[in-house]
Amino acid sequence: MTIELLYFAWVRERIGKASETVSPPADVATVADLIDWLARDSAVHAAAFVDRGRLRAAVDQTFVPLDAPLGSAREVAIFPPVTGG
Amino acid sequence: MTIELLYFAWVRERIGKASETVSPPADVATVADLIDWLARDSAVHAAAFVDRGRLRAAVDQTFVPLDAPLGSAREVAIFPPVTGG
Amino acid sequence: MIAVTVSPAVIDAGVEFAAISMTGAGGIATFVGLVRGDDGVATLALEHYPGATEAALEALAEQSVARWELIGARITHRVGDMHPGEIVVFVGTAARHRGAALEACAFLIDRLKTEAPFWKKETRGDQTSWVEPRGSDDAAAARWKA
Amino acid sequence: MIAVTVSPAVIDAGVEFAAISMTGAGGIATFVGLVRGDDGVATLALEHYPGATEAALEALAEQSVARWELIGARITHRVGDMHPGEIVVFVGTAARHRGAALEACAFLIDRLKTEAPFWKKETRGDQTSWVEPRGSDDAAAARWKA
């Protein structure tokens, strides 16, 4: 499975890039699994994701809770709570 | 007592003038008394005031119910319910 | 900043908006009532009670500023003859936060409809009639009783 | 008529108002959020999620049109760097009756604040910080649950 990851706001700044393409193993089933997997091998990701309660996500541009299944997601975005308007 | 009467909207149209100056007798104590007194001697006023429930009034530019006292009013306005905005 | 104007001059929404937004506030809410183009009215004539109208609008504006801690309130109401698509009334409120601006704007237009001495006469073809008050306006105004 | 725009272009309230008022509706409600001039922010930077933002705003506009039988809904949101007094967002609603326009306008700005993927970063002097979400925004959005 190949996923295009997008980061926004301070998540983007802490990770140091706006996007990256990853291929997680099959046991990465939810957004939360994906975050754990990214944090496992990268101190930068681990630091950006340290406070899970402040993270929000979208799968293929639909907002989802972190325990949502990835399914056959092509695009996953991880970002802080929104503050527009 | 001399009172400047002002009429607006269809009250003005039915009476045929926008204002008139009247000197009612001392027993004309309220706005309703004033309306009754005006209607007593004038068929035109009687016709304009026939449906009291559709009349509103202001005494010296303050909106009042028809049973409000005239006191030492200098200006009394009689008009339909407002429909602005 | 309270600004109340009652005049036969054409109302320019851009000019009105610029005036209320000059307050440095974070949120501006406006309501604009126009002569509707969809119900056959060719001319709308607005009559008012000079002096009493301005006093009523200023009293409403002052109430709104006090109740919602507004930075500004602006009411501009046209009188005389007007035509479809033209602005009858502009209400603008400026506040630090959007909830205050939006609520105060709704308050002002609701109360203006029942408390300010304006009367509307519509001409459709060769028929002319005074607009009847609506019970829904009284209900809308009543919900703001403090 | 639904119109949603997300762009770095400066927002002109007069142009926006003219667009939403061209619907022939009797009532136009608008809310405009500006960069506040009173709390020391020199630059406000708006980041967004291209594609998802427009979809979220269009979904909100469609909900508002269906729920309040609007004649038109217009949302114009700026992104990129902006300065005090400049417009961040314009929301305009057009309806036959004022209550619908006013409520729908409040709905759109409340929900936009919590559902559209925008993020604000403020620069004050040489300090830059991301704006934290406010609980009051969640509460404002929640009151519109059907």
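In this text the structure is predicted, and so the values were computed from the model without any measurement.
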**Study point:** Residue part contacting chain C, namely of Arg56(B), when any heavy atom lies under 4.5 Å
**Key:** neither
Check your understanding: Given the rule in the side chain to side chain contact (heavy atoms under 4.5 Å, CB included) test, do Thr83(B) and Trp119(C) qualify, once you have shown the distances and angles that lead to the verdict?
Key -> CA-CA 5 Å; Thr83(B) 55; Trp119(C) 299 272; 4.2 Å; yes
Practice item. Indicate yes or no for a side-chain donor-acceptor contact from Lys120(C) to the backbone of Gly85(B) under 3.5 Å, with no hydrogens or angles considered. Key: yes
Point to revise | Members of residues 91-107 of chain C whose heavy atoms come closer than 4.5 Å to chain B | key: none
Point to revise | Which residues share a side chain to side chain contact (heavy atoms under 4.5 Å, CB included) with Asp60(B), sequence neighbours left out | key: Ala73(B), Arg74(B), Glu75(B)
Review point. Which atoms of Phe63(B) come close to chain C, meaning under 4.5 Å heavy atom to heavy atom: side chain ones, backbone ones, both, or neither?
Key: side chain
Exercise for review: Using heavy atoms and a sub-4.5 Å threshold, report which of residues 47-62 of chain C line up against chain B, by residue number.
Suggested key: Glu47(C), His48(C), Tyr49(C), Pro50(C), Gly51(C), Ala52(C)
Study note, to complete from the structure: Checking heavy-atom separations under 4.5 Å from chain B, one finds in residues 124-133 of chain C Trp130(C), Val131(C), Glu132(C), Pro133(C)
Exercise for review: Would you indicate whether Glu69(C), at its atom CD, is surrounded by more than 12 heavy atoms from other residues, nucleotides or ligands within a distance under 6.0 Å?
Suggested key: no
